[in-house]
Amino acid sequence: MNRNDFIKKGLMGTGMFVAASAMGNVMQNNIDELKELEILGFNHIPNTQSTHMENAVLHKAETRGDANHGWLHSKHTFSFANYYNPERMHFGVLRVLNDDVVSGGKGFGTHPHDNMEIISIPLEGDLEHKDSMGNVTVIRNGDVQVMSAGTGIQHSEYNKNADKQVKFLQIWVFPDKKNVTPRYDQITLQRAHRHNTFQQILSPDPEDAGVWIHQHAWFHLAQFDANHTQVYKMKDKVNGLYVFNLNGSITVNNQILNARDGYGIWNVEQVSIKADSASEFLLMEVPMTV
């Protein structure tokens with residue numbers, strides 16, 4: 001498919017929110033918002049912070065947006081809040097990939113979202129969640145949380161512990177339909193089920209493994225021993241695959257990824273992944289257009 005076939009004009013970034021100081025330890029800020037999107041689809045044209053190939057794009061960890069607010073240190077793979085790069089807005093419907101660290105006792109006060117699928121994957125610590133649907137939960141490493149913001153929700157999230165950090169991935173995906181009824185879900189995963197294989201953690205099917213979202217997307221987590229190789233077969237040939245390496249070193253179709261590197265690829269039916277060292281990574285298969 002020609003790159004221009006991925007581009008659609010006139011769509012806006014949705015799901016903007018501004019956190020408020022709803023509690024003493026929650027910082028008032030305007031750091032979590034989306035800028036207007038001029039295009040939706042593949043838009044990673046060559047620039048100084050991306051390596052663009054015929055059907056792939058490489059985002060090295062050190063080229064991500066770096067927002068250090070003291071209580072929150074966030075690395076942005078795609079444009080977000082004060083980090084704005086029109087050439088790094090999204091990968092298909094994958095709009096936000098934030099690598100967040102929240103200091104002890106700090107967090108985001110109550111704020112709104114709408115028309116966005118929001119996925120949180122805790123890596124360390126305890127993240128407490130409250131929302132306008134009445135959910136009060138704590139998620140920690142091994143859990144996956146999902147919200148379909150739909151017609152609109154409000155929620156807060158903060159570090160439940162005062163003496164240690166929370167680290168988590170915050171991922172936003174454009175939905176395939178607008179104004180759905182808001183919903184919340186979370187699951188606890190068995191880490192053993194991702195050892196030297198792809199553990200499905202998200203899909204479009206409520207009856208399938210993992211959580212589900214309103215989008216034709218599949219996420220997998222994997223934890224490979226050194227030298228283990230496995231082929232990921234695309235669920236839909238028109239989708240693209242974004243690989244985010246959490247730790248270690250892997251080779252994806254001859255492209256080496258170190259910790260926190262991201263690599264997007266499309267126009268492929270399968271992708272070979274080899275662990276050059278003990279590694280853990282996240283696979284996100286998403287539509288390239290809506």
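Heads up: numbering here begins at 1 and tracks the sequence. All values derive from a computational prediction rather than experimental measurement.
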Measure the shortest side-chain to side-chain distance between [X] and [Y] over non-hydrogen atoms and say whether it is less than 4.5 angstrom.
| X | Y | value |
| --- | --- | --- |
| I171 | V96 | no |
| L202 | M284 | no |
| L246 | R260 | yes |
| Q230 | T197 | yes |

Residue pair [X] / [Y], side-chain donor-acceptor N/O under 3.5 Å:
| X | Y | value |
| --- | --- | --- |
| D261 | N245 | no |
| T188 | D143 | yes |
| N98 | H76 | yes |
| T151 | N179 | no |
| Q170 | S120 | no |
| H73 | D66 | yes |

Can you spot which of [options] makes a side-chain contact (heavy atoms from CB on, under 4.5 Å) with [X]?
| X | options | value |
| --- | --- | --- |
| H193 | Q190, H195, R191 | Q190 |
| I153 | M116, M133, R183 | M133 |
| F168 | N159, L127, V101 | L127 |
| V252 | L241, I265, V271 | V271 |

Heavy atoms from other residues, nucleotides or ligands near CG of D205 exceed 12 (cutoff 6.0 Å):
yes

K274 atom NZ, neighbour heavy-atom count above 12 within 6.0 Å
yes

Side-chain donor/acceptor of E117 to backbone N/O of I213, under 3.5 Å:
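Checking the backbone N and O of I213 against the side chain of E117, no donor-acceptor pair under 3.5 Å is found.
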
Among Y242, W172, F244, which residue meets the ring-ring contact (aromatic ring centres under 6.0 Å, His included) test with F78?
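The option that passes is Y242.
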
Kindly write out the residues that satisfy ring pair (Phe, Tyr, Trp, His ring centres under 6.0 Å) with Y184, not counting sequence neighbours, or none if the list is empty.
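Ring pair (Phe, Tyr, Trp, His ring centres under 6.0 Å) list for Y184, sorted by chain: H129.
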
Tell me every residue that passes side chain to side chain contact (heavy atoms under 4.5 Å, CB included) with N239, counting only those two or more places apart in sequence or in another chain.
H216, W218, M234, D236, E285, P287

For G210 and I187, the nearest pair of non-hydrogen atoms, with its separation, is CA-CD1, 3.5 Å

Just how far is it from atom CD of E280 to atom CZ of R194, taken to the nearest 0.5 Å?
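E280 CD to R194 CZ: 5.5 Å, rounded to 0.5 Å.
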
